[in-house]
Amino acid sequence: MKKLHVKKGDTVLIISGEDRGNKGKVLEVSPAEGKVIVEGRNMVKKHVKPRKMGDQGGIIDAEGAMYASKVMVICPHCNKPTRVGHKKFADNTKARICKRCGETL
């Protein structure tokens, strides 16, 4: 399994691709594929088959997965896109830190 710099619930900035410059919240992370799903971004058409009696089938819009390398975490303290660092404290706890301001994420 690969480690990713983003976690579920992070606010991220998309730095490449069609949605470049847009912000969104991470809904799902897939470390095995190295991909993330960002809320309201990278929308794709999905063909849905009706599953139960009375369900409506058809074509819906859904968020598609994108590579995690295409997004940067936005620091909640300085509100800027940043790289993620890791820091180990004296009581043997680890935390992700902002490389710009040094605050914990």
Side-chain angles (χ1 to χ4, degrees):
M1 253 169 115
K2 302 172 195 158
K3 286 264 203 180
L4 295 181
H5 64 285
V6 289
K7 290 190 176 192
K8 184 177 176 179
D10 283 346
T11 303
V12 294
L13 174 75
I14 299 171
I15 58 173
S16 71
E18 191 176 309
D19 289 318
R20 175 179 35 225
N22 292 323
K23 296 177 185 177
K25 184 177 153 191
V26 175
L27 297 177
E28 203 173 314
V29 177
S30 176
E33 297 175 331
K35 293 185 176 186
V36 294
I37 295 177
V38 181
E39 183 178 28
R41 304 292 169 225
N42 195 25
M43 299 303 282
V44 294
K45 299 284 186 188
K46 188 174 180 182
H47 297 354
V48 178
K49 190 175 184 177
R51 292 290 173 197
K52 293 182 231 161
M53 195 69 144
D55 273 358
Q56 184 72 27
I59 302 171
I60 62 165
D61 283 329
E63 290 98 352
M66 65 173 60
Y67 284 107
S69 61
K70 291 185 171 194
V71 299
M72 283 185 86
V73 177
I74 295 178
C75 176
H77 302 286
C78 59
N79 286 325
K80 294 181 180 176
T82 181
R83 288 176 293 128
V84 177
H86 298 279
K87 188 174 184 180
K88 194 171 186 181
F89 296 106
D91 58 344
N92 285 338
T93 58
K94 287 193 256 181
R96 298 186 311 154
I97 62 164
C98 170
K99 285 284 196 171
R100 280 183 188 251
C101 64
E103 294 288 329
T104 58
L105 297 176

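Nothing here was measured: the structure is a model prediction, and the numbers come from that model.
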Taking all heavy atoms of Tyr67 and all of Glu33, pick out the closest pair and write down the distance. CE2-O, 4.0 Å
Do Glu63 side-chain atoms and Gly40 backbone N/O form a donor-acceptor pair below 3.5 Å? yes
Reported CG-to-NE2 distance for the pair Leu105 and His77, which is rounded to 0.5 angstrom: 7.0 Å
Same hydrophobic cluster for Ile97 and Ile74, using side-chain heavy-atom links shorter than 4.5 Å among ILVMFWY? no
Test item: His5 side-chain N/O and Val71 main-chain N/O as donor-acceptor pair under 3.5 Å: yes
Shortest non-hydrogen separation from Gln56 to Pro50 and the atoms involved: C-CB, 4.4 Å
Between CZ of Arg41 and NZ of Lys70, what distance do you get to the nearest 0.5 Å? 14.5 Å
To the nearest 0.5 Å, atom NE2 of His47 lies from atom NZ of Lys45 at 10.0 Å
Nearest heavy atoms of Leu13 and Pro81, plus distance in Å: CD2-CG, 3.7 Å
Quick note, side-chain hydrogen bond (donor to acceptor under 3.5 Å, both in side chains) partners involving residues 94-105, not counting sequence neighbours, are Asp10-Arg96
Group every Ile, Leu, Val, Met, Phe, Trp and Tyr by side-chain heavy-atom contacts under 4.5 Å, then state whether Val12 and Val84 land in the same group. yes
Determine, using the 4.5 Å side-chain heavy-atom cutoff (strictly less than), whether Val6 and Ile37 are members of one ILVMFWY cluster. no
Minimum heavy-atom separation for Val36 and Ala68, please, with both atom names. CG1-CB, 4.1 Å
Over all atoms of both residues, closest heavy-atom pair of Cys98 and Thr82: SG-OG1, 3.4 Å
Show every side-chain hydrogen bond (donor to acceptor under 3.5 Å, both in side chains) that has at least one partner inside residues 11-28, sequence neighbours left out. none
Same apolar cluster (I L V M F W Y, side chains within < 4.5 Å links), Leu4/Met66: yes
Salt-bridge present (Asp61, Lys46; N to O < 4.0 Å): no
